[in-house]
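These notes are about the structure you will find just below.
Hydrogens, waters and symmetry mates play no part in the numbers below; they use all other heavy atoms, side chains included.
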Amino acid sequence: QVQLVESGGGLVQPGGSLRLSCAASGSIFSIYVMGWYRQAPGKQRELVATIMRGGRENYGDSVKGRFTISMDNAKNTAYLQMNSLKPEDTAVYYCKFVGSGLGPGEYWGQGTHVTVSS
């Protein structure tokens, strides 16, 4: 069993910054990929950013140049630094874990709310 706990969401003004954290715990043997996805009301869940254990990063087009994903392998924690936030960034942000516990699998956190508004 793998558990993911997101934190750091909240209300921020346009142009502001937030840092999200995702701590993974449980039966973790190896992390392949961690990532962040988001879902706004009435829209499908979309890729925000992913990072592989070796450090390769991938970003959705809408956040390139503004968001940065990182991972602390020793702490089994992923981070998402969000700068220059826009109202369209408002969504529930979900952490994703792909790796090996008792076996390989994909796991999701419960999500953390981010609201960008004046």
Consider only side-chain heavy atoms of I, L, V, M, F, W and Y, link residues closer than 4.5 Å, and tell whether Leu20 and Ile31 are in one cluster. yes

Find out if a path of hydrophobic residues (ILVMFWY) with successive side-chain heavy-atom gaps under 4.5 Å connects Tyr59 to Val116. yes

Could you tell me if the side chain of Met82 sits less than 4.5 Å from the side chain of Val48, heavy atoms only? no

Closest approach of Val92 and Gly111, non-hydrogen atoms and distance? CG1-CA, 3.9 Å

So CZ of Arg56 and OG1 of Thr50: to nearest 0.5 Å the spacing works out to 8.0 Å

Taking a hydrophobic cluster as the set of Ile, Leu, Val, Met, Phe, Trp and Tyr residues connected by side-chain heavy atoms closer than 4.5 Å, whether directly or through intermediates, do Ile69 and Phe67 fall within one such cluster? yes

According to the side-chain hydrogen bond (donor to acceptor under 3.5 Å, both in side chains) rule, which pairs have a member within residues 66-80, sequence neighbours left out? Arg66-Asp89

Ring pair (Phe, Tyr, Trp, His ring centres under 6.0 Å) with Phe97: of Phe29, Trp36, Tyr107, Tyr32, only one passes, and it is Tyr107

Are Gln39 and Tyr37 linked by a side-chain donor-acceptor pair shorter than 3.5 Å? no

Hydrophobic cluster partners of Leu11 (side-chain heavy atoms under 4.5 Å): none

When you group the ILVMFWY residues by side-chain heavy-atom contacts below 4.5 Å and let the links chain together, are Val98 and Ile28 in the same group? no

Tell me whether Leu47 is reachable from Trp108 by hopping between hydrophobic residues (I, L, V, M, F, W, Y) whose side-chain heavy atoms are closer than 4.5 Å. yes

Kindly give the heavy-atom pair with the smallest separation between Cys22 and Met34, and that separation in Å. SG-CE, 3.9 Å

Measure the spacing between CD of Glu106 and NZ of Lys96 and express it to the nearest 0.5 Å. 4.0 Å

With distance as the sole test, does Ser30 use its side chain to make a donor-acceptor pair with the main-chain N or O of Gly99 at under 3.5 Å? no

So, Glu6 side chain and Gln110 main chain: donor-acceptor pair closer than 3.5 Å or not? yes

To the closest 0.5 Å, what do you measure between CG (Leu80) and CZ (Arg19)? 10.5 Å

Taking everything shown except Glu88 itself, do over 12 heavy atoms lie less than 6.0 Å from its CD? yes

Would you compute the distance between atom CD of Glu57 and atom CE of Met71 and round it to the nearest 0.5 angstrom? 10.0 Å

Looking only at heavy atoms, which two atoms of Leu85 and Leu18 are closest? And how far apart? CD1-N, 3.9 Å

